[in-house]
Number of protein chains: 2
Amino acid sequence: MQEDDYLHHLAFDSVVFGFSGEKLKILVLEYHNTNLFALPGGFVRQDENLNDAVRRGLKERTGLDNIYLEQFYTFGDVARYKPEVMERIIRANEIPDQDLSWLLKRFVSVAYYALINFDDVVPVPDALSDSCAWYEVDRLPPLMLDHTEIVEKALETLRDNIGRKLVGGNLLPARFTMKELQHVYEAILGEKLHRGTFQRKMLSTGVLKRHEKQYSGAANKAPFLYSFE
Amino acid sequence: MQEDDYLHHLAFDSVVFGFSGEKLKILVLEYHNTNLFALPGGFVRQDENLNDAVRRGLKERTGLDNIYLEQFYTFGDVARYKPEVMERIIRANEIPDQDLSWLLKRFVSVAYYALINFDDVVPVPDALSDSCAWYEVDRLPPLMLDHTEIVEKALETLRDNIGRKLVGGNLLPARFTMKELQHVYEAILGEKLHRGTFQRKMLSTGVLKRHEKQYSGAANKAPFLYSFE
DNA sequence: TAGGTATTGTCTCAATTTGCGACAATAATA
DNA sequence: TATTATTGTCGCAAATTGAGACAATACCTA
């Protein structure tokens, strides 16, 4: 991580959404020996597109390549500049000799959210962090800097978008039941939806393809599996 | 414009919308002796919030203070880095001796759109530019760098938002007729709307306050004036 | 002063969409 | 074979939307 490899003053943060156990979750990492929790983020190389930098960062954390990704806001308040936080992280990690002063400068951060299939991912921490793990969005640990605000805004944007873009399916496996899809919508919107109405609306979009039934072994009618397209 | 006054690698651009003669227009400036057209933009001071920097820039160009402003996207492709363009602008302006090399570096730009009342503004160019003037959005001159793309995305976002937020009124004087408001919506959406339906929907929001009638002198029923709130 | 005209505010009616419950079909189990 | 939980779909009322129609109005003309 040489000084001149990266654009100064510019960072990105990712809110990575997954869905499991009927709950919406995001990836949060914890830095070594600091008790600091943060969103996975990173910096942009001199010769790298901003969007590509974010995908690179997500690849490192999730192993995934073709992630559904959306930029939603750029956070640029002076108040988010707290060099002592960055210093604490650097200290706790005993990083070998190099010029890290650029990391102590003020950063403006471009925030993205990603939607991924929970089961596809084994979260991977990096050299600076202890862990990278899933947390329910309504049971997050206190996040450093303005990262809680970033999550809040990501959720707002996701809620706004789910009605307009057919985006919910990105949180599920390729094939899913209508009930699973409904649970995703309910977790995002934070409210119960009427089953019949939901099914009717989803089918009317025409983008769902119906496949074979899923026999779960339960004593009831088996649901169809669906996929997008 | 000293080197260390501003954050390196970070800029902003504003798409300033106004409405006049039934047309949606934006502010475009032209640099001295270069034939280069650009969106009004600027840089962020070391101790300045990003949002405040944009307001400062708008104040300089429009003289206005309380502008409706929305951040909509951050453009960060490497391809938008074209130092020869910046060099051309600097050369054409014969700027006194100082270190301008930071201006030739790569920039990531945070884009905002603003909605203002056309009549409130007399566009003001700055030291680097010939003119700052209104252009119809569908008759823009070729803009430098990726500024045409930025305008395109601003329009998309504005169209998306006009249905959800009651934003159209920001392009009009404090008091306006229903017809004027409808024309604003039509210009943004690019389609004709049904008069009765439009009036019904607007009134049903409850945010319009009805004032006295406007007697224009024309031989027909005089319309009411409305304002928001 | 009476009639003409363009525009406005509102209404009506049909078409469409939505909310909500109900029913038959189904996949096990007892 | 009866039971049970769940699914796919339907029906109906309520709400929303699209489009035309009509009376009221402001001013002009004759």
Side-chain angles (χ1 to χ4, degrees), chain A residues 19 21-22 159-166 168-169 172-228, chain B residues 19 21-22 159-166 168-169 172-228:
Chain A
F19 182 74
E22 312 294 276
R159 277 193 203 111
D160 274 2
N161 284 345
I162 195 162
R164 304 183 301 168
K165 319 186 181 183
L166 274 301
L172 291 172
R175 299 198 176 184
F176 47 84
T177 66
M178 195 59 79
K179 182 178 229 169
E180 290 168 335
L181 187 60
Q182 184 177 341
H183 285 322
V184 167
Y185 274 72
E186 289 175 341
I188 291 174
L189 296 172
E191 58 181 350
K192 290 280 173 200
L193 302 175
H194 186 278
R195 190 176 61 88
T197 309
F198 181 79
Q199 178 133 339
R200 180 179 49 196
K201 196 188 297 189
M202 282 300 139
L203 292 179
S204 77
T205 63
V207 301
L208 282 183
K209 191 167 165 188
R210 178 176 282 182
H211 300 279
E212 76 283 1
K213 288 190 169 188
Q214 182 191 59
Y215 296 91
S216 64
N220 51 41
K221 188 171 181 178
F224 287 106
L225 288 172
Y226 297 87
S227 69
F228 280 95
Chain B
F19 182 74
E22 312 294 276
R159 276 190 204 113
D160 275 1
N161 285 344
I162 196 163
R164 304 184 300 170
K165 320 184 181 186
L166 275 302
L172 292 172
R175 300 200 174 183
F176 46 85
T177 65
M178 195 59 78
K179 182 177 227 169
E180 289 168 336
L181 188 60
Q182 183 176 343
H183 285 323
V184 167
Y185 274 71
E186 289 175 341
I188 291 173
L189 296 173
E191 58 180 350
K192 289 280 174 203
L193 301 175
H194 185 277
R195 190 176 61 87
T197 308
F198 181 79
Q199 178 134 337
R200 179 177 53 195
K201 195 188 297 191
M202 282 300 139
L203 292 179
S204 77
T205 64
V207 301
L208 282 183
K209 191 168 166 186
R210 178 176 284 181
H211 300 280
E212 76 283 1
K213 289 190 168 189
Q214 183 191 58
Y215 296 92
S216 63
N220 51 41
K221 190 173 180 177
F224 287 106
L225 287 172
Y226 297 87
S227 69
F228 279 96

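Here is how names work: the chains are called A, B, and so on, in the same order as the sequence lines, proteins then strands, and each is numbered from 1.
Rounded to whole Å, atom P of C/dA27 lies 10 Å from atom CG of A/Asn220. When the P atom of D/dT9 is taken as reference, atom CE of A/Met202 falls 15 Å away, rounded to whole Å. Distance, A/Leu208 CG to D/dG8 P: 11 Å, rounded to whole Å. In this structure, the CG atom of B/Leu189 is 12 Å from the P atom of D/dG18, given to the nearest Å.
B/Leu203 comes within 4.0 angstrom of sugar-phosphate atoms only, judged by non-hydrogen atoms across all strands, and of no base. Using a 4.0 Å heavy-atom criterion, one finds that B/Lys201 contacts no nucleic acid atom at all. Backbone-only contact: A/Lys213 has heavy atoms under 4.0 Å from sugar-phosphate atoms and none from a base.
With ring centers used as reference points, B/Phe198 lies under 6.0 Å from B/Tyr185.
Side-chain proximity of A/Arg200 to D/dG11, C/dT8, D/dT6: nearest is D/dG11. Each of C/dG9, C/dG19, D/dG8 was ranked by its minimum atom distance to the side chain of A/Gln199; first place goes to D/dG8. Comparing C/dG9, D/dG8, D/dA26 against the side chain of B/Arg195 picks out C/dG9 as the nearest. Minimum atom distance to the side chain of B/Pro223 is reached by C/dT8, of the listed C/dT8, C/dT29, D/dA5. Closest approach to the A/His194 side chain among C/dT10, C/dC20, D/dT9 is made by C/dC20 (side chain taken as heavy atoms from C-beta onward).
When the nearest nucleotides of DNA chain D are assigned to B/Ala222 and A/Tyr226 by heavy-atom distance, the more 5′-ward of the two goes with A/Tyr226. Both A/Lys221 and A/Gly196 lie near DNA chain C, and the one whose nearest nucleotide falls closer to the 5' end is A/Gly196. Across the interface with DNA chain C, nearest-nucleotide mapping of A/Ala218 and B/Phe224 shows B/Phe224 to be the residue nearer the 5′ end.
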> Would A/Phe176 and A/Phe19 satisfy ring-ring contact (aromatic ring centres under 6.0 Å, His included), going step by step from the backbone distance to the final call?
Replying inline: CA-CA 13 Å; A/Phe176 47 84; A/Phe19 182 74; over 10 Å; no
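Looking at B/Arg210, its side chain never comes within 3.5 Å of a backbone N or O of B/Phe224 through a donor-acceptor pair.
Heavy-atom contacts from other residues, nucleotides or ligands closer than 6.0 Å to NZ of A/Lys213 number more than 12.
Atom CG of A/Leu193 is separated from atom CD of A/Gln199 by 12.5 Å, given to the nearest 0.5 angstrom.
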